[in-house]
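Each remark here refers to the structure printed beneath this line.
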Amino acid sequence: MKKICVIGLGYIGLPTATVLADSGHTVVGVDTNEATVATINQGKIHIAEPHLAEKVAAMVQAGRLRATSVPEEADAFVIAVPTPITAEKKAELSYVKSAARSVAPYLRKGNLVILESTVPPRTTVDVLLPLLLTGGLTADDLLVAFCPERVLPGKILTELVNNSRVIGGIDAASAEAAKALYATFVKGELFLTDATTAEMTKLMENTYRDVNIALANEFALIAEQTGVNVWDAIRFANKHPRVNILQPGPGVGGHCIAVDPWFIVEQAGGRARLIHTARIINDGMPQQVIEKIRGLTEGISKPKVALLGLTYKPNVDDCRESPAVEIAVLLRKLGFTVAAFDPLAKNQETVPLQAALRQADLTVLLVNHDAFAGLDPQQLARLVRRKVVLDTRGVLDRAQWEAAGFTVVVLGEGALP
Ligand code: SAJ
């Protein structure tokens, strides 16, 4: 069993540190945020992820996981810091760079360094490695690999263990060393390659999803014009044994799928035409929803809109890059009175359900949280001023809402309002 230093204790770093500790390693988690360090050392967590709190508490209690703000010597280092996007849609690598600089003085001959953050191709070789060597070692002294995380927020602990992984080394020995470490907790298959191929593989995975969601969104917009119900059409098309169309919606959020395709566009020198167009289609969906809201509230002065859901997807608390938040902001700018209800959303302006719906001229479902399945349209009908609901996820039970007197308008269904 090894001593492992995990740099960055966020949505990926903390679960990874915990799973490593759980498989017997001694783990030191490093984070620049003092409050995060203090929280973890108390055996608590600062993010919401099912089952993580219990695991962290147990590992801290057992003395196998502790947090600190400065790296220390270890056998292996795992870097899991954010790689956001700049206003110019370029990869922001400053966190990766400062993580590399911070570990460089603690590296010893034979150490393994793994980068898990999503990065543009060649970052491991061209950016990470030179910074790791600023402590005085040469490339031959270190084992360095890129191994992207693949976990789905909401299912991180299960997927960390069960998903297969791609491991790209700067040389074969590095890939083998990283494989040996992951093999201590991953039940899925471990595939070895070079660092740059692994970087591109990660970007291709999320781009595949983005392009396919864009296709579903484009189908929805076309269906509205042609008077087709896109949800039925997709359901029928997916009966074909080799077709799997994704779901339309108010846009693509989160810190991965809406971001990673830009890392390809950035380097592709104009070749990434489909990928770029998909990004533009998905980024345009909040505006499409706004247009529908304007149509459905035409003639009402200072309409009140009740928004159901603000997170970037169902059943998480994360609002990063959330299209629902973007819609709320745009509506307020346009002079709408906006009241949002979301029992999970973190750091957002929300109100209780009754307050959101009271005197609303339009109710808009933006996120299909499981918690919304229990909403009673009969009860909501008594609160609102106008019984009109816009469903951007194609999930509401039309008969039930119509029985309560609501007019139900669904994104991707029939003619535009
Ligand atoms: N969405 C749709 N229609 C769909 C599916 C999703 O509009 O049919 C929207 C969601 O509402 C959400 C966004 O797309 O706003 C992204 O949600 P997601 O559940 O597809 O993905 P993420 O961002 O939570 O996690 C993804 C995963 N990547 C893939 O499935 C290829 C995950 O495995 C990655 O680890 C993660 O990105 C990451 O960190 O890269």
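Treat the numbers as computed from the prediction; the structure is a model and nothing was measured. Read the numbers this way: they start at 1 and go in the same order the structure lists the ligands and their atoms.
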Atom 30 (O) of ligand 1: of Gln247, Arg209, Arg150, the nearest heavy atom sits on Arg209
Non-hydrogen atoms of [X] versus ligand 1: any pair closer than 4.0 Å?
| X | result |
| --- | --- |
| Arg320 | no |
| Cys256 | yes |
| Ile213 | yes |

[X], any N or O under 3.5 Å of ligand 1 N or O:
| X | answer |
| --- | --- |
| Tyr312 | yes |
| Gly249 | no |
| Val151 | yes |

For [atom], the protein heavy atom that lies nearest, with its residue and separation:
| atom | value |
| --- | --- |
| atom 19 (O) of ligand 1 | Lys313 NZ, 3.0 Å |
| atom 31 (C) of ligand 1 | Asn206 OD1, 3.2 Å |
| atom 21 (O) of ligand 1 | Ile257 CD1, 3.4 Å |
| atom 11 (O) of ligand 1 | Arg393 NH1, 3.0 Å |
| atom 25 (O) of ligand 1 | Leu152 CD1, 3.6 Å |

Against heavy atoms of [X], which atoms of ligand 1 measure under 4.0 Å?
| X | value |
| --- | --- |
| Pro153 | 24 (O), 25 (O) |
| Leu246 | 8 (O) |
| Lys202 | 34 (C), 35 (O), 38 (C), 39 (O), 40 (O) |

Residues Lys202 and Glu149 bridged, charged N to O under 4.0 Å
yes
salt_bridge(Arg386, Asp361) N-O dist < 4.0 Å
no
Can you tell me which portion of [X] lies within the under-4.0 Å heavy-atom range of ligand 1? Options are side chain, backbone, both, or neither.
| X | answer |
| --- | --- |
| Glu159 | neither |
| Ile12 | neither |
| Glu321 | neither |

Separation between CD1 (Ile12) and CD1 (Ile79), nearest 0.5 Å, reads 15.0 Å
Ignoring hydrogens and angles, state whether a donor on the side chain of [X] or [Y] is under 3.5 Å from an acceptor on the partner side chain.
| X | Y | result |
| --- | --- | --- |
| Glu92 | Ser94 | yes |
| Arg150 | Ser164 | yes |
| Ser174 | Asp171 | yes |

For the pair Phe372 and His369, name the ring-plane relationship: parallel under 30°, tilted 30 to 60°, perpendicular over 60°.
perpendicular
Over 60° means perpendicular and under 30° means parallel, so tell me whether Trp401 and Phe406 are parallel, tilted or perpendicular.
perpendicular
Taking every non-hydrogen atom, the tightest pair across Phe341 and Pro352
CD1-C, 3.8 Å
Sub-3.5 Å donor-acceptor pair from the side chain of Glu49 to the main-chain atoms of Ile156, do we have one?
yes
Are the side chain of Ser23 and the backbone of Val19 linked by a donor-acceptor contact shorter than 3.5 Å?
yes
